[in-house]
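Remarks on the structure that follows.
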Amino acid sequence: MKIQNTLTRALDEIKPLEGNKIKLYTCGLTVYSQPHIGNWVAYIYWDVLVRTLKDAGFDVTRVQNITDVGHLTSDEDAGEDKMLKGALKEGITAWKVAEKYIAIADDEAYNQLGLLRPDHMPRATEYIPQQIAFVEELENKGFTYVIADGVYFDTSKLSDYGKLARLDIDGLQFGARVADTGKKNPTDFAVWKFSNPEEKRDMEWDSPWGKGFPGWHLECSVMARELLGDQIDIHTGGIDHIPVHHTNEIAQTEAVTGKQFSTYWVHNNHLKVDGTKISKSLGNGYTLQDIVDKGFDLQAFKLMVLSSHYSTEGNFTWEILEAAQNRLNKWKEAAATLWQYDVLPKADKDVNAADFDTSFSGALQDDLNTAKALQLIDEVADNALAGAVCGACLEEILGSIHFNLGIDLHIPDISEEQKILIKERQEARDDNNWEISDRIRNQLREQGIELKDTPNGQIWSRI
Ligand SMILES: [Zn+2]
């Protein structure tokens, strides 16, 4: 099957490898430092992807790994080991660094952002014997060679190496010996790195080739295969993973299995801050805590992210976040009108819930068009605030399983007595009994409830 590097087809028409089961693999975080807002963008999109696939009736099994070893700062085989860097900075072992940031990331993703927990969250260090066995398989099939600093994958042995990124292999002087590194080809990559005898490592293991640790790309191939099988339906990750990390995952897995690794590859674009790349040196790597400290809801951040498509570059500014917060507040206000659905005359329910549901899920099924889906929520919210409440739409959309924006549809903040008063005031208005109408309005105002009259009836809000 041809490799797909987007979700170009309607999501509900995806043909899984097996029945209606979708096997999905997501590259997870490297747990060596405090995540910044840019790190969360991918997971916010993939959360909606999983919810949308489930909504379309698929049985989704999702694996998202935790990289706690082997990731070097260059994303290739050069640079510092990220875990060691974290350990040196914090004065604790790499194992403690991993524990600390696994706990922080877990709390941020699942408690604070309200994302769905993946079915499996394996740690690379829990799969060392399986990674060694995988390298042995590659070795037996003739795909590896050993040089001074590790065991390398020989990319010239695979006829379609680089197909995902459409790499210009000739342009990379394929086959030329690469100066300094001892690699046979520029694109070759380490599947096992040897420990440097001069450097103390907290994380290292014995292997048939020598003491060391697995190459970063290897863990994803191995954990995907162990938990999902030789072939999967969808693999997600950031666009920066296309030329190296995902290209190498494909190479290793397909070299071992002889089968296509994943049917779909889906990549999210990055978030910039104030139009520039997030970097530690610029100090613009804001955290979720920074957002909370400035008085914003984290759900507003999610809303901000989802207002653009996963494949386009996003931009974060405090002004854009404020606009998202205002939008969310408006939706919350609209949700507070939900109970009125029961007391309004039938004629005012002028939004067709069934049509709405179709267009909403249709937008998401269309390659995850989150921006369009959010605009449809705006329409419902505007209608609701104008008194034309579509109870089913509000229930369906604002409490939507798709976004989990923390909107409470069953706000217990006015009493039954107050609702009865609102109803009585409507009756008084219908009878042109302004004295009673004003009295009730003042009575409610004293209780902290303001009433707004719309052509479709009254809407309350807290003063
Ligand atoms: Zn990966």
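In what follows, every heavy atom counts, from backbone to side chain, and hydrogens, waters and symmetry copies are set aside. Predicted model only: the values in this text are computed from it and were never measured. All ligand and atom numbering here is 1-based and tracks the order in the structure.
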Polar side chain donor-acceptor pair, H241 to E249, under 3.5 angstrom: no
Residue pairs, two or more places apart or on separate chains, that pass salt bridge (charged side-chain N to carboxylate O under 4.0 Å, His left out) and touch residues 104-117: D106-R117
Exercise: do N248 and Y161 side chains pair donor with acceptor under 3.5 Å: yes
Pairs satisfying salt bridge (charged side-chain N to carboxylate O under 4.0 Å, His left out), at least one member in residues 130-151, at least two apart: E137-R225, D149-K193
Pair H246 and H217, ring centroids less than 6.0 Å apart: no
Polar protein atoms (N, O or S) that approach the Zn ion (ligand 1) to under 2.8 Å: C27 SG, C220 SG, H245 NE2, E249 OE2
Pairs involving residues 297-322, ordered by first then second residue, that meet salt bridge (charged side-chain N to carboxylate O under 4.0 Å, His left out) (sequence neighbours left out): K272-E313, D297-K332
